[in-house]
There are 2 protein chains.
Amino acid sequence: MNYSRQRESIKDFLSTRKDHPTADTIYMNIRKQFPNISLGTIYRNLNLLSDIGEITRLTTGDGCDHYDFNTVPHNHFVCTRCHSVLDLEMDSIDDIVEVARKNFPGRIDRHCTYFYGICAECMDTSEEAS
Amino acid sequence: MNYSRQRESIKDFLSTRKDHPTADTIYMNIRKQFPNISLGTIYRNLNLLSDIGEITRLTTGDGCDHYDFNTVPHNHFVCTRCHSVLDLEMDSIDDIVEVARKNFPGRIDRHCTYFYGICAECMDTSEEAS
DNA sequence: TTCGTTGCAAATGTTTTGCACCTGA
DNA sequence: TCAGGTGCAAAACATTTGCAACGAA
């Protein structure tokens, strides 16, 4: 894999964000540095980087994938109101894989867990967080 | 909400399947009964039914949503080779919500956990299930 | 020189929607 | 009757891809 300034810029940008931006958000930001970069290049690099395990793709169910510079397995929270995606600093729950393996005929490699609710910011915005 | 034969047919079909078909698979099957039904109607009804909680939408990350007639919370297995989605009959892991709630400033309502691996059928197909 | 990478634009695949017509209550 | 549901086709949206030009080694 050759070096490319565009790919490096994408990695740099992603490493500065603790939220987990979408391809489009990344595109908007990288354009400040590379005004002519195309969305295709963004997607090609995000796919490439997640394929080789340098970043993590998050499919939260809001219609578009999010990307995380942190490749250490951890869990995420998704706000059902503002769709923000946050890291959860919580004790390991990886033993649920053992629970799932019991009586399952195939092979289970990993789990992917998302927690849904209302983030603190949205809770403040309206008292009755319906 | 008025009765509609198309919606009833979708529910009937979904209730007979223990795998979790996509909108397109549902479309192909309902067409046997309603040759002129449109994909728009399929999607409108799947959205409607999942909004009122009569079915469950599964976003597994393979590009299209799957639908489950069973609305009792349970966990799913996704085969990374053939993309089949299976129900897991396993002990409850809902206590992970409590783990996540610890030190989290917002409100956590529920979790959604997918287990990934190779299903028994794919394991048989090739011995070295890479 | 060579092959990976890019920008661009067109294509893809899934899902949504506007609208005129139909249908259930 | 009439709000809600449908079929159809077009649109929307996220993502992928073909291709000629560019750039790194």
Side-chain angles (χ1 to χ4, degrees), chain A residues 1-14 19-52 54-68 78 80 82-85 114, chain B residues 1-14 19-52 54-68 78 80 82-85 114:
Chain A
M1 185 167 89
N2 281 352
Y3 168 87
S4 105
R5 287 171 299 148
Q6 287 89 337
R7 179 158 51 239
E8 208 58 26
S9 170
I10 291 170
K11 284 171 60 177
D12 282 352
F13 172 70
L14 214 46
D19 66 339
H20 308 300
T22 62
D24 201 63
T25 302
I26 295 168
Y27 174 56
M28 293 305 185
N29 279 274
I30 302 294
R31 270 216 293 195
K32 294 171 187 168
Q33 194 178 347
F34 296 93
N36 293 320
I37 200 171
S38 76
L39 251 180
T41 298
I42 301 288
Y43 276 109
R44 268 187 294 241
N45 280 302
L46 290 173
N47 284 338
L48 208 151
L49 290 169
S50 64
D51 282 350
I52 64 176
E54 287 209 25
I55 65 174
T56 309
R57 184 203 312 276
L58 306 175
T59 302
T60 63
D62 70 345
C64 49
D65 287 346
H66 295 247
Y67 297 89
D68 189 347
V78 179
T80 52
C82 70
H83 295 131
S84 67
V85 183
Y114 293 98
Chain B
M1 186 167 88
N2 280 350
Y3 168 89
S4 105
R5 287 171 299 146
Q6 287 88 337
R7 178 159 51 240
E8 207 58 26
S9 172
I10 291 170
K11 285 171 58 176
D12 282 351
F13 172 69
L14 213 45
D19 66 340
H20 307 300
T22 62
D24 200 64
T25 301
I26 295 167
Y27 174 57
M28 294 304 187
N29 279 275
I30 301 294
R31 270 216 294 196
K32 295 171 188 167
Q33 193 178 348
F34 297 92
N36 293 321
I37 199 170
S38 76
L39 251 181
T41 298
I42 302 287
Y43 277 108
R44 268 187 294 243
N45 279 303
L46 289 173
N47 284 339
L48 208 150
L49 290 168
S50 63
D51 283 350
I52 64 175
E54 287 210 25
I55 65 174
T56 309
R57 183 201 313 275
L58 305 176
T59 302
T60 64
D62 70 346
C64 50
D65 287 345
H66 295 247
Y67 297 89
D68 188 346
V78 179
T80 52
C82 71
H83 295 131
S84 68
V85 183
Y114 294 97

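It should be emphasised that the depicted structure is a prediction, and the values quoted were computed from it without experimental measurement. Residue numbering restarts at 1 for every chain, and letters A, B, ... go by the order of the sequence lines.
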Mark yes or no for whether S9(B), through its side chain, and R5(B), through its backbone, hold a donor-acceptor pair below 3.5 Å.
-> no

Between the main-chain N or O of H20(A) and the side-chain N or O of H66(A), is there a donor-acceptor pair closer than 3.5 Å?
-> yes

Treat primed atoms plus P, OP1 and OP2 as sugar-phosphate and everything else as base, then score nucleotides 8-22 of chain D 5' to 3': B for base contact with protein heavy atoms under 4.0 Å, S for sugar-phosphate contact only, - for none.
-> B-----SBBBB----

First contact, last contact: which nucleotides of DNA chain C are these for chain A, 5' to 3', heavy-atom distance under 4.0 Å?
-> dG4(C) to dC8(C)

So, is Q6(B) near the phosphate of dG7(D), with a side-chain N or O under 4.0 Å from OP1 or OP2?
-> yes

Salt bridge (charged side-chain N to carboxylate O under 4.0 Å, His left out) involving D68(A) - partner list, sequence neighbours excluded = none

Tell me: CZ of R31(B) to P of dG7(D), nearest whole Å?
-> 12 Å

Any side-chain donor near an acceptor of the partner, D24(A) and T22(A), under 3.5 Å | no

Heavy-atom side-chain contact between M28(A) and R31(A) under 4.5 Å = yes

Figure out the CE/C1' separation between M1(B) and dT6(D), and round it to whole Å.
-> 15 Å

Rounded to 10°, the angle between the first-five-pair and last-five-pair axes of the helix from dT1(C)-dA25(D) to dA25(C)-dT1(D) is 30°

If we only count heavy atoms from C-beta on, is the L49(A) to R7(A) side-chain gap below 4.5 Å?
-> yes

Do side-chain atoms of Y114(B) reach the backbone of T59(B) as a donor and acceptor pair under 3.5 angstrom?
-> yes

Starting at NE2 of H83(A), measure out to SG of C64(A) and round the result to the nearest 0.5 Å.
-> 9.0 Å

Take the protein atom CG of N45(A) and the nucleotide atom P of dA24(D), then report the distance between them rounded to whole Å.
-> 14 Å

Is there a side-chain contact between N47(A) and R57(A) (heavy atoms, below 4.5 Å)?
-> yes

Report the distance from atom CD1 of I52(B) to atom P of dG4(D), rounded to the nearest whole Å.
-> 14 Å

Under the side chain to side chain donor-acceptor pair (under 3.5 Å) test, residues paired with T56(B) that sit two or more places apart = none

For N29(A), what residues pass the side chain to side chain donor-acceptor pair (under 3.5 Å) criterion, not counting sequence neighbours?
-> K32(A)

